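To start, the structure under review is shown below, and the notes come after it.
Given the structure is predicted, the values throughout are model-derived calculations rather than measurements. Below, all heavy atoms of this structure are taken into account, side chains as well, without hydrogens, waters or symmetry copies.
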Amino acid sequence: YINVKLKNMFKLYAMRHAKSSWDFQDLDDHDRPLNKRGVNSAKLICEFFIKKKLKFDLVYCSSSKRTMQTLNILSEKISFKKIIKKKALYHASENEIIHVLKQTGDNYKTLLLINHEPSMSELINRICLKENSDQFENLKRKFPTAAVAEVNFNFNDWEKLAKVKGKLISFIKPKDLQVSKE
């Protein structure tokens, strides 16, 4: 992997939905909403995205209520060029997610994926170079709610995803942002 800023650098921001509520035991898992902590965490991540001046060409979002609410909180302050809500992402395996991402046109260079565990950590483990970085070790231990993994790829076609490994650039957790006030 060559860590050079190229015009063709593709980026994936893989975000787990914010914390959901378990207050309504009779609700189907797909329909569980965010709790108050989840709303606050999603707002922290939104502010982080704004501070870093991140722009997303395309958002893939699971159709569950908690992923859609996470996206809606981000959408209050960030405009997205295109959003694709996919029921197929709900409880998808990393292979199924890779299949979806590989269909993405090469005109979309920066993607945001909002989805669920355990598929998020499995996805990152599958598509990233194995490194001995603190961030990678943190991610392997736990992918908390509303956390975001930034992965850069040195390719110019999403079809190469999983064949060409990416580099984990950052792993941001809402708890980190509360402590540092980043």
Side-chain angles (χ1 to χ4, degrees), residues 1-18 30 42 45-46 48-50 52-64 66-75 77-131 133 135-136 138-140 143-173:
Y1 184 89
I2 302 167
N3 194 5
V4 178
K5 287 237 180 215
L6 297 174
K7 214 164 42 171
N8 289 342
M9 184 70 68
F10 279 45
K11 295 175 180 250
L12 172 65
Y13 290 85
M15 179 178 186
R16 184 177 175 194
H17 62 79
H30 189 270
I45 293 297
C46 183
F48 172 78
F49 286 163
I50 291 167
K52 296 294 182 185
K53 297 182 171 86
L54 296 178
K55 305 257 189 258
F56 302 99
D57 299 323
L58 176 61
V59 179
Y60 284 108
C61 188
S62 160
S63 62
S64 77
R66 59 195 177 273
T67 51
M68 292 303 298
Q69 284 182 313
T70 301
L71 174 61
N72 289 340
I73 289 167
L74 298 176
S75 296
K77 295 189 176 182
I78 299 171
S79 62
F80 299 109
K81 291 180 185 174
K82 184 173 182 179
I83 296 172
I84 298 176
K85 176 178 79 169
K86 284 186 111 31
K87 186 162 182 141
L89 289 172
Y90 177 69
H91 288 310
S93 70
E94 80 269 17
N95 288 332
E96 292 166 318
I97 294 170
I98 288 168
H99 178 75
V100 168
L101 296 176
K102 285 171 79 171
Q103 309 305 312
T104 305
D106 61 6
N107 54 320
Y108 299 109
K109 292 184 179 355
T110 305
L111 306 183
L112 173 62
L113 168 67
I114 304 173
N115 212 31
H116 308 268
E117 265 298 274
S119 54
M120 295 302 274
S121 55
E122 292 167 355
L123 172 71
I124 299 303
N125 274 302
R126 172 93 183 277
I127 64 174
C128 286
L129 295 164
K130 300 297 180 256
E131 301 177 5
S133 70
Q135 292 181 49
F136 203 78
N138 273 337
L139 189 147
K140 286 196 314 193
F143 201 121
T145 52
V148 182
E150 176 190 357
V151 183
N152 286 359
F153 298 94
N154 200 3
F155 57 56
N156 56 8
D157 184 349
W158 287 107
E159 180 62 36
K160 295 178 180 156
L161 185 68
K163 290 182 196 129
V164 177
K165 299 289 185 178
K167 179 171 179 59
L168 180 66
I169 301 300
S170 65
F171 183 55
I172 305 301
K173 303 179 291 278

Can you tell if the side chain of F171 reaches within under 4.5 Å of the side chain of I124, non-hydrogen atoms only? no
Are any side-chain N or O atoms of E96 and backbone N or O atoms of S93, one a donor and one an acceptor, separated by less than 3.5 Å? yes
Hey, are the side chains of I98 and L123 touching, using non-hydrogen atoms and a 4.5 Å cut-off? yes
Can you tell me how far the SG atom of C61 sits from the CG atom of N115, to the nearest 0.5 Å? 8.0 Å
Would you say K102 has more than 12 foreign heavy atoms packed within less than 6.0 Å of its NZ? yes
Answer yes or no: is there a side-chain heavy-atom contact under 4.5 Å between L74 and M15? yes
Parallel, tilted or perpendicular: which describes the rings of F153 and W158, with under 30° parallel and over 60° perpendicular? perpendicular
Do V59 and I83 have side chains that get closer than 4.5 Å, going by heavy atoms? yes
Hey, what do you get for OH (Y13) to CZ (F49), rounding to the nearest 0.5 Å? 7.5 Å
Does atom NZ of K160 have more than 12 heavy-atom neighbours from other groups under 6.0 Å away? yes
Over all heavy atoms of both residues, which pair between F155 and V164 is shortest? Give the atoms and the distance, please. CD2-CB, 3.8 Å
Roughly how far, to the nearest 0.5 Å, is CG of L58 from CZ of F80? 10.5 Å
Quick one: closest heavy-atom pair of A88 and A92, and the distance? O-CB, 3.3 Å
Starting at CZ of F143, measure out to CE of M120 and round the result to the nearest 0.5 Å. 4.5 Å
Should K109 and D57 be marked as a salt bridge (Lys or Arg N to Asp or Glu O under 4.0 Å) after you check the CA-CA gap, both sets of side-chain angles, and the distance that decides it? CA-CA 7 Å; K109 292 184 179 355; D57 299 323; over 6 Å; no
Can you name the nearest heavy-atom pair linking A147 to K173, along with the distance? CB-CG, 4.1 Å
Within a strict 4.5 Å, meaning less than it, do heavy atoms of the L111 and F10 side chains meet? no
More than 12 heavy atoms from other groups under 6.0 Å of NE2 on H30: yes
How many angstroms lie between OG1 in T145 and NE2 in H17, if you round to the nearest 0.5 Å? 7.5 Å
Looking at A18 and T70, what are the two nearest heavy atoms and their distance? N-OG1, 3.1 Å
Residue that, paired with K165, satisfies side chain to side chain contact (heavy atoms under 4.5 Å, CB included) out of I127, N154, L129: L129
Counting only N and O atoms by type, is there a donor-acceptor contact under 3.5 Å from the side chain of N152 to the main-chain atoms of K167? no
Main-chain N/O of R126 paired with E122 side-chain donor or acceptor, under 3.5 Å: no
Side-chain contact test, heavy atoms from C-beta onward, threshold under 4.5 Å: evaluate it for L89 versus T67 and give yes or no. no
Which value, rounded to the nearest 0.5 Å, describes the distance between L71 atom CG and L112 atom CG? 7.5 Å
With no hydrogens and no angle check, do the side chains of S62 and H116 hold a donor and an acceptor under 3.5 Å apart? yes
